[in-house]
Chemist: 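One structure is given below, represented as structure tokens, and several questions about it will come after.
All values below come from the heavy atoms of this structure, side chains included, with hydrogens, waters and symmetry mates left out. Both ligands and their constituent atoms are indexed starting at 1 by order of listing.
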Amino acid sequence: MSREVKYIFVTGGVVSSLGKGLTAASLGTLLENRGLKIALQKFDPYLNVDPGTMSPFQHGEVYVLDDGAETDLDLGHYERFTNTKLSRFNNLTSGQVYQEVLDKERRGDYLGKTVQVIPHVTDEIQNRIRDLAARSDADVVITEIGGTTGDIEGLPFLEAIREFALEVGPRNAAFVHVTFVPFINAAGELKTKPTQQSVAKLREIGIAPNILVCRCEKPINKELRQKMSLFCNVPYEAVIEEKDVDHSIYEVPLMLQRERMDDLVCQHLDLSVPAADMGHWQEIIRKLIAPQNQVRIGVVGKYVELNDAYKSVYESVIHGGIANDCGVEIDKIDAEDIEKDGPGDHLQDLAGILVPGGFGQRGIEGKIAAVRYARENHIPYLGLCLGMQVATIEFARNVMALEGAHSIEFDPESPHPVIALMDAQRDVTMKGGTMRLGAQDCQVTPDTRSSRLYGAFAISERHRHRFEFNSNYREQFESAGMVIAGTTTDGKLVELIELKDHPFFVACQYHPEFQSKPSASHPLFRGFIAACHQTLQGRS
Ligand code: GLN
């Protein structure tokens, strides 16, 4: 008899930004720790084929997978919270669905039929759920539906999961609805009406949630739980409280475990598995709540007012902190403010400076000034992607005295284009999915800080860029003292640079932040935070 796969669908109600992704990822962690093999996927109702072409202001960070898929940032939570391996099959947008349906229509696959949302679009969505179940060999597939219940564009996805659940039967599908229970200051009360209405909206479509996850600022008392149970037609114990976390998002799995959400899911889906042992996770939280040490680092970027724009970077520095039993406070600094006020005002009290990835001219000179400040004042520096490119430009201008050195992304006429367009990018005209993307092998130079941190010479890291270190200048850089600490396996592209005689100056062309976990910090972040802490000790 074939094994029965169980399906969990996570929808969201009332408002966006409730942390559905975190809830889905946290449930994934709990189930994984109960010995189940899980798979996680995200459905995004917008029409873009992927978020790769969207501004961070629209969408937050673009999370890159090994296979080069540019995906929603919730996939970052999935990878950080669980051991699942993700690929382009784990993120589906309406754009992809329609592209597929229209390709089929043009090929004549529909044999003269009228092509419609039901059943053609919904079938395509369901295929992606089945496809992931088959590919992942998972016991439980968790599918998160982006957007908010009631959005027009989300309807085909909701219809598709309703039909899917009907087909697999009630013991094989569970609906989790993440909702918001606002605290109204003037009344001094939590209000359940938005939740009632959101659930009513779902039931109108034919979906009756089995579990309600209530996001709230204050605890939900018994009376309110009873009320939501009654009006939303879910058992009392299926009203789960998910209060704003005190310290860290990594508390969410423990919070849901205390509310017995995983027990409920297992009961509903007839899964008889042992309870989750979350001891290792508790240890992570202990280090986050009461670290032995504390540092404050600055992230100098362009989208600092948006928490989501550098999500994985912020998480990774926190992981670096966990690995060093060190709390990390992050000062988000707008590169344009450095241009206005000079670097000292913003950077002088920091234990470390980080410049993350980015695109476009705005704030570039501020980032270059931040690098200079870190280099000259011996403040640990970590540069990621654009952060390596600005470090290269700074070194060319101020150490090698190459006046006007720049990246041709920002100054196509630069007399010293130390960052140049990659050969493979020269004829690229389409913007979507055409950068150098995904995991690439890199060889780390022996006897460098990076090789000691990685403890390996062969590594694989994820990329997302069009421009690169101009190898025509490589020897000049090396004679001026820059260390080429890593290259592509053919030795041609520079992937990692370092400076000697500095407490920590490391910058990479790739994105290590896409491969860091709370339980296993990426080595570069671990090394960076260790250096920040040591430098601070040296100063005091
Ligand atoms: N804009 C730079 C490039 O395309 C850096 C990209 C990034 O930081 N992800 O090469």
Chemist: Please list, by chain and number, the protein residues whose heavy atoms come under 4.0 Å of ligand 1.
Modeler: Gly357, Gly358, Phe359, Cys385, Leu386, Gln389, Glu409, Arg464, His465, Arg466, Phe467, His511

Chemist: Under the rule for side chain to side chain contact (heavy atoms under 4.5 Å, CB included), what residues qualify as partners of Glu100, not counting sequence neighbours?
Modeler: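 Partners of Glu100 by the side chain to side chain contact (heavy atoms under 4.5 Å, CB included) criterion, ordered by chain and then number, come out as Lys104, Glu124.
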
Chemist: List in chain and number order the residues that pass side chain to side chain contact (heavy atoms under 4.5 Å, CB included) with Arg135, two or more places apart in sequence or in another chain; answer none if no residue qualifies.
Modeler: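 Testing Arg135 for side chain to side chain contact (heavy atoms under 4.5 Å, CB included), a comparison that skips the adjacent residues, returns Phe89, Asp131.
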
Chemist: Once salt bridge (charged side-chain N to carboxylate O under 4.0 Å, His left out) is applied, do any residues pair with Asp341, and if so which ones, sequence neighbours excluded?
Modeler: none

Chemist: Any ion pair linking Arg466 and Glu409 (charged N to carboxylate O, less than 4.0 Å)?
Modeler: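 Looking at Arg466 together with Glu409, the answer is no, because their closest N to O distance does not fall below 4.0 Å.
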
Chemist: Could you check, using the six-membered ring where one of them is a Trp, whether Tyr250 and His319 have ring centers closer than 6.0 angstrom?
Modeler: yes

Chemist: Is it the case that the ring center of His59 lies less than 6.0 angstrom away from the ring center of Tyr46?
Modeler: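 For Tyr46 and His59, the ring centres are under 6.0 Å apart.
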
